[in-house]
Number of protein chains: 2
Amino acid sequence: MPGPKNPNSEDSTPESEHQELSGDRKIPAAVIKRLSLYTRALQNLERNKVEKVSSTELAKELGLNSAQVRKDLAYFGQFGVPGFGYPVGELRKKLKHILGTDRKINVALIGVGHLGKALLSYGGFNRQGFRMRWAFDIEVRDKTIGAEKVPVYNISELEQVVRRENIELVILTVPAEAAQGIADRVVGAGVSAILNFVPKRIQTPPHVKVHYVDLAIEMESLSFYLR
Amino acid sequence: MPGPKNPNSEDSTPESEHQELSGDRKIPAAVIKRLSLYTRALQNLERNKVEKVSSTELAKELGLNSAQVRKDLAYFGQFGVPGFGYPVGELRKKLKHILGTDRKINVALIGVGHLGKALLSYGGFNRQGFRMRWAFDIEVRDKTIGAEKVPVYNISELEQVVRRENIELVILTVPAEAAQGIADRVVGAGVSAILNFVPKRIQTPPHVKVHYVDLAIEMESLSFYLR
DNA sequence: GTGACATTGTGAAAACGTTCACAAGGTCCC
DNA sequence: GGGACCTTGTGAACGTTTTCACAATGTCAC
C-alpha cells in the first residue's frame, strides 16, 4: 500500500497487488498474469497430446525460471508429482478454474472509434471464455460491428444494458476526456473490471480492478532501445 | 535465418532490463515506460500553458510516488530546480530526446488480419513520432488499408522493403505459427525493435528488443479479480 | 519389490524496485 | 539583500520478487 495515498486499485505496467484467495495469501498481480500464460502453454501441449510437463519445460517455453513456475503454482495448491512433473490436462483445468475462465464472462466495449472497431472485429476474445457482444458509443453510425455483428448501443443506454445483460467487464476505447466519466458510470452500474486502452489514468473505488494497455507507451519505450 | 539459439533480450509484462546510456548505468525497463508517461503528462501541461511542475504534482497525476519521479528523472540528468520544480517545456523536450521520439521512426506492420487492420486504421501511432506506412501479408487482398492508405506488400518483399525504407520497428500481428519465422526474417533485415501482439514468445538475438502486448492475458487476469 | 533417477515444493539468499527522509540549494516576497 | 519557504536529488531503509539449492517424495525399469 502506498501509505496515506488515495484509494485506488489500479495496476498496469507497474506491479503491486493484493487479493484474497481461497486460502488467505496475497497473490502478486504478476503471478496472475503468468498463470494465464501457463494456461495457454498447457492448452498448446494438450492439443499436441502431451500428457505431462515439468516446471523446467514450461519455464523454457515461456522464458522463465523453473523455480518461479513451481512457486507460482504453489500459491494455489500442490499440482505436481515429484519425479514426474505436472499432468497437463488436469493442471490446465485447475488453472482455468482459478482464473475464472471456465465460464463465460460478458464483456462490453465502449467507444467505437478505429481501435474499438478493430477490437470488435478482431474477435479473438470470444474464444477464450469471454462473450464480447455489446458496444456503446455516443453516436451510433452502424447498428452492428464486425463479422460477429455486435450491436452498437447509444451510450445513454449504458447502465440499463450493463445491468440487464449482466456485463462484468468493460473495455474502454473512448477519447481521453471521456474516460473518467464513463468509468464512473460503468462502475456505478456494477462493473468491477476494466481494460483501459485510453492513455489516461482513471480513478476507481478499491474493489474495481483496472488494467491498462497503452500502445503509445509500448512504442515509445521501444524507441528508446533503438540506441 | 531459421535458428539463432541465443539467450534473449525480451521483456514484456515481466520486468527486468538493462541498457547502457550516455552515462553508464543500467536503466530498468520500468523507468523507460514511466519516462514515456511523464512525456505525455508534460505535453498535456504544456497544452494548458503550465510552465512548471513539481515531482509531487506529476506523481499525483500518474498515481506514483514523488520520490520515484525524481529518481527516474535523475537517471538521465538534473532537470529540476530546487524550490521551483521542473520547467515543463524544457523537460518535455529533453525526455523526447532521451526516448528518441524527437525524430520520425519508420514502422511496418506484418499480418493484416483483423487486429492488424485495426491497428493500421487506428492511426494513433503516426502522431507520436512514428511513421507507420508499410504493411505486409502473405496474401494481399486490398492494396491499401485505412484512411491513411497504407500500402500492403506481399511478404516476399519483406527484406527488400525493410532495407529500402529504413524500417526500424515492426509490429507483429501474424498467426502464432508464423511469428518466429517472421521475427527471424525482420531481424535478419536489420530490425531491432518488435512490438509483438502474437500470443507467442519469440526468440531473438540480444540486441533486439521485443515488447509484448497480450490482450488475452490482460482479459484473463482481469477475470481472476471478478472473484 | 528395489534402487537409481527425476522433479517437486520451499526455506533462505540474492536481486531488484520503491519509498523514506533529509541535507543542499534555489526561489521569491518583503 | 535577507530569510522563510519549497522542492530537488539521493543515500539508506524497506519491501517485494526472483533465483538458488536441496530435502522430500514419487517414478519407473528391471
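Labels below follow one simple rule: chain letters A, B, ... track the order of the sequence lines, proteins then strands, and each chain is numbered from 1. All values below were derived from every heavy atom in this structure, side-chain atoms included, with hydrogens, water molecules and symmetry-related copies excluded.
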Interatomic spacing from CG in A:L58 to CG in A:L64 - rounded to 0.5 Å: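 Rounded to the nearest 0.5 Å, the CG-CG separation comes to 8.0 Å.
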
Determine the minimum heavy-atom distance between A:Y212 and A:K200, stating which atoms define it.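 Closest heavy-atom pair between A:Y212 and A:K200: CE2-O, 3.6 Å.
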
Do NZ/NE/NH1/NH2 and the carboxylate oxygens of [X] and [Y] come within less than 4.0 Å?
X: B:E61; Y: A:R201; result: no
X: B:K52; Y: B:E90; result: no
X: B:E218; Y: A:K33; result: yes

Check the distance between [N]'s [atom2] and [X]'s [atom1] and give it to me in whole angstrom.
X: B:L35; N: C:dG17; atom1: CG; atom2: P; answer: 15 Å
X: A:Q68; N: D:dT17; atom1: CD; atom2: P; answer: 11 Å
X: B:L64; N: C:dG17; atom1: CG; atom2: P; answer: 15 Å
X: B:N65; N: D:dT10; atom1: CG; atom2: P; answer: 16 Å
X: B:I32; N: C:dC16; atom1: CD1; atom2: C1'; answer: 16 Å
X: A:F76; N: C:dG9; atom1: CZ; atom2: P; answer: 14 Å
X: B:R70; N: C:dA24; atom1: CZ; atom2: C1'; answer: 13 Å
X: B:D72; N: D:dT8; atom1: CG; atom2: C1'; answer: 14 Å

N/O donor-acceptor pair, side chain B:K71 with base C:dT18, under 3.5 angstrom: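 Not at all, since no donor on one side and acceptor on the other fall under 3.5 Å apart.
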
Can you find a side-chain donor-acceptor pair between A:Q68 and A:D72 that sits under 3.5 Å?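 No.
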
Is there a donor-acceptor contact under 3.5 Å linking the side chains of B:S36 and B:R40?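 Looking only at side-chain atoms, B:R40 and B:S36 do not form any donor-acceptor pair under 3.5 Å.
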
B:Y75 side-chain N/O to C:dG17 phosphate OP1/OP2 under 4.0 Å: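 It does not, given that no N or O in the side chain of B:Y75 lies less than 4.0 Å from OP1 or OP2 of C:dG17.
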
Please work out if B:S55 contacts a base, only the sugar-phosphate, or nothing of the nucleic acid, heavy-atom cut-off 4.0 Å.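 Sugar-phosphate, backbone atoms only, no base.
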
Looking at residues 78-85 of chain B, who's got a heavy atom less than 4.0 Å off DNA chain D?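 Those residues are B:Q78, B:F79, B:G80, B:V81, B:P82, B:G83, B:F84, B:G85.
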
State which of C:dA21, D:dA21, D:dT17 makes the closest approach to the side chain of B:A67.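 When the side chain of B:A67 is considered, C:dA21 is the closest of C:dA21, D:dA21, D:dT17.
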
Nearest-nucleotide pick for B:Y86, side chain only, options being D:dC28, D:dT8, C:dT8: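 Of the candidates, D:dT8 comes closest.
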
